[in-house]
A.B. asks: 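Quick one: structure below, then a few questions.
In this chain, residues are counted from 1 in sequence order.
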Amino acid sequence: MKSFTLCLSLMLSVFTASAVVYTPVAVTGYNQDLVADGSGTAASSVSVATGFDGVKYAFVAQNYSYSGTPSYYLPTSGTINSNLTTGLSWQLASYTANNVLHLPNANDTGRLTFVTPQSAAEVEVLCTAGIGAATATFTVVFTDGTTQTFTGVSIPDWYSSGGATSGIGRIDVTTDILDGTSSNPHLFEKKLTLSTSNYSKLIDHILVENTDAGGRITGLIGI
């Protein structure tokens, strides 16, 4: 069964006369905590007993210490810089609260609401999948009630190549054994390019649906 997690943050891009400006966005709607952190066991830190991938693995923070010091981890600052796009970074949600939108089953849906509605030319999503690639639909909903939908968005497995960042580490939530390498797992960036007619509209929220017949999506979501 595939797991899709919308990664911990979203980023907006706005086209100016001279450059593309990326702006992090605060959102609500994360439904699970899938980052092991602090001095307790991984199982006591995360909210899903089967982990991110539905088997046993979760993400791990730099400050996790129960069974050792992780060599590969999500940084304490929560800032993820893209290896693919200059100037693009995401700010992850707190590791001590719900920090991902986790959609483990086909047809599961979630809603990420902007704390402050904002306009944009693009929405940059940070996400990954487990137990194989997954597919999602994103619907951007504007404050005037209109929408723009992106279907068939492929979310690669976290052990696929080409991520926006890599070597983030993971942990077995049943044994507290730390895992990962300098190249795996990965987080991936997905660009939702808005129509020019929507540039001036304010984004209110984004609806996300797991449309993969196989199952699971977990997204660290970054806007």
Side-chain angles (χ1 to χ4, degrees), residues 1-11 24-83 89-105 108 110 112-113 115 125-131 155 157-160 163-189 216-223:
M1 183 176 291
K2 299 169 185 173
S3 174
F4 166 52
T5 293
L6 282 186
C7 285
L8 305 148
S9 63
L10 302 175
M11 182 72 71
V25 178
V27 298
T28 61
Y30 297 128
N31 62 359
Q32 299 291 349
D33 179 349
L34 282 173
V35 182
D37 68 295
S39 59
T41 64
S44 68
S45 181
V46 302
S47 60
V48 182
T50 53
F52 151 72
D53 58 0
V55 179
K56 61 180 179 178
Y57 288 105
F59 304 102
V60 63
Q62 185 175 6
N63 71 347
Y64 171 84
S65 61
Y66 177 78
S67 62
T69 301
S71 299
Y72 309 101
Y73 46 74
L74 294 172
T76 297
S77 67
T79 300
I80 299 292
N81 298 311
S82 173
N83 293 331
S89 63
W90 295 267
Q91 181 60 47
L92 306 184
S94 170
Y95 299 148
T96 62
N98 287 347
N99 42 44
V100 304
L101 178 60
H102 183 56
L103 304 176
N105 304 298
D108 279 355
L112 294 170
T113 300
V115 172
V125 181
L126 184 65
C127 53
T128 197
I131 316 300
I155 312 298
D157 179 86
W158 61 343
Y159 271 71
S160 298
T165 190
S166 58
I168 59 170
R170 66 179 188 175
I171 189 168
D172 186 324
V173 299
T174 62
T175 65
D176 285 291
I177 294 176
L178 294 160
D179 192 23
T181 68
S182 59
S183 57
N184 285 303
H186 293 263
L187 301 177
F188 301 89
E189 63 183 73
R216 312 169 68 90
I217 294 177
T218 292
L220 304 174
I221 224 179
I223 294 181

A.B. asks: What is the distance from atom CD1 of Ile171 to atom CG of Leu34, rounded to the nearest 0.5 Å?
C.D. replies: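 Answer for the CD1-CG pair, Ile171 versus Leu34, is 12.5 Å.
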
A.B. asks: Is the closest side-chain heavy-atom distance between Val46 and Val35 below 4.5 Å?
C.D. replies: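 Of all side-chain heavy-atom pairs linking Val35 with Val46, none is under 4.5 Å.
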
A.B. asks: Can you name the closest pair of heavy atoms from Ser47 and Gln32 and give their distance?
C.D. replies: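 For Ser47 and Gln32, the tightest heavy-atom pair comes out as OG-OE1, 2.6 Å.
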
A.B. asks: The test is side chain to side chain contact (heavy atoms under 4.5 Å, CB included); show your working for Trp158 and Asn184 and say whether it passes.
C.D. replies: CA-CA 7 Å; Trp158 61 343; Asn184 285 303; over 6 Å; no

A.B. asks: Quick check on Tyr73: does its OH atom have over 12 non-hydrogen neighbours (other residues, nucleotides or ligands) under 6.0 Å away?
C.D. replies: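 Check fails, neighbour count at 12 or below.
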
A.B. asks: In Å, rounded to the nearest 0.5 Å, how long is the span from CD1 of Ile131 to CG of Asp53?
C.D. replies: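 Result: 4.5 Å between the selected atoms.
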
A.B. asks: Identify every side-chain donor-acceptor pair in residues 36-43 under 3.5 Å, counting partners at least two apart or on other chains, and give the distances.
C.D. replies:
unit_1	atom_1	unit_2	atom_2	d
Asp37	OD1	Ser45	OG	2.9
Thr41	OG1	Ser44	N	3.1
Thr41	OG1	Ser44	OG	3.1

A.B. asks: Do Leu112 and Thr28 make a side-chain contact, defined as non-hydrogen atoms from C-beta onward lying under 4.5 Å apart?
C.D. replies: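 In short, these two side chains do not touch, never coming nearer than 4.5 Å.
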
A.B. asks: Rounded to the nearest 0.5 Å, what's the gap from OG on Ser82 to CD1 on Ile80? Could you check?
C.D. replies: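 Atom-to-atom, Ser82:OG and Ile80:CD1 are 10.5 Å apart.
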
A.B. asks: With distance as the sole test, does His186 use its side chain to make a donor-acceptor pair with the main-chain N or O of Tyr159 at under 3.5 Å?
C.D. replies: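 Pair absent, no side-chain N/O of His186 close to backbone of Tyr159.
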
A.B. asks: Considering non-hydrogen atoms only, spot the tightest contact between Gly180 and Pro185 and give its length.
C.D. replies: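 Taking every non-hydrogen atom into account, CA-CD, 4.5 Å.
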
A.B. asks: Looking at Ser166 and Ser182, what are the two nearest heavy atoms and their distance?
C.D. replies: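 Closest approach of Ser166 to Ser182: OG-O, 3.8 Å.
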
A.B. asks: Among residues at least two apart in sequence or on other chains, which ones pass side-chain contact (heavy atoms from CB on, under 4.5 Å) with Ser94?
C.D. replies: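 For Ser94 the side-chain contact (heavy atoms from CB on, under 4.5 Å) partners, ignoring immediate neighbours, are Thr96.
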
A.B. asks: Which value, rounded to the nearest 0.5 Å, describes the distance between Asn31 atom CG and Leu103 atom CG?
C.D. replies: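 The CG atom of Leu103 is 6.5 Å from CG of Asn31, to the nearest 0.5 Å.
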
A.B. asks: Side chains of Tyr64 and Leu178, heavy atoms from C-beta outward: is any pair under 4.5 Å?
C.D. replies: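 Counting from C-beta outward, Tyr64 and Leu178 do come under 4.5 Å.
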
A.B. asks: Measuring only between side-chain heavy atoms, which start at C-beta, is Asn99 closer than 4.5 Å to Tyr30?
C.D. replies: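 Not touching, per the 4.5 Å side-chain cut-off.
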
A.B. asks: Test your reading of the model: is there a side-chain donor-acceptor pair from Asp108 to the backbone of Asn105, 3.5 Å cut-off?
C.D. replies: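 Judged by distance alone, yes, a pair lies under 3.5 Å.
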
A.B. asks: Starting at CG of Leu92, measure out to CG of Leu74 and round the result to the nearest 0.5 Å.
C.D. replies: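 The distance works out to 6.0 Å.
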
A.B. asks: Counting only N and O atoms by type, is there a donor-acceptor contact under 3.5 Å from the side chain of Asp172 to the main-chain atoms of Thr175?
C.D. replies: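 Flag set: sc Asp172 to bb Thr175 pair under 3.5 Å.
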
A.B. asks: Do Tyr72 and Arg170 have side chains that approach each other closer than 4.5 Å (heavy atoms only, starting at C-beta)?
C.D. replies: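 Side-chain contact under 4.5 Å: no.
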
A.B. asks: What are the two closest heavy atoms between Glu189 and Ala164, and how far apart are they?
C.D. replies: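 Distance-wise, the nearest heavy atoms are OE1-CB, 3.4 Å.
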
A.B. asks: Between Asp33 and Asn98, does a side chain to side chain donor-acceptor pair (under 3.5 Å) hold up when you go through it step by step?
C.D. replies: CA-CA 4 Å; Asp33 179 349; Asn98 287 347; over 6 Å; no

A.B. asks: Kindly compute the distance separating CD1 (Ile168) from CD (Gln62), expressed to the nearest 0.5 Å.
C.D. replies: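 If we round to the nearest 0.5 Å, Ile168:CD1 and Gln62:CD are 13.5 Å apart.
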
A.B. asks: Over 60° means perpendicular and under 30° means parallel, so classify the ring planes of Phe52 and Phe59, tilted if in between.
C.D. replies: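 Taking Phe52 first and then Phe59, their aromatic rings sit tilted (interplane angle of 30° to 60°).
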
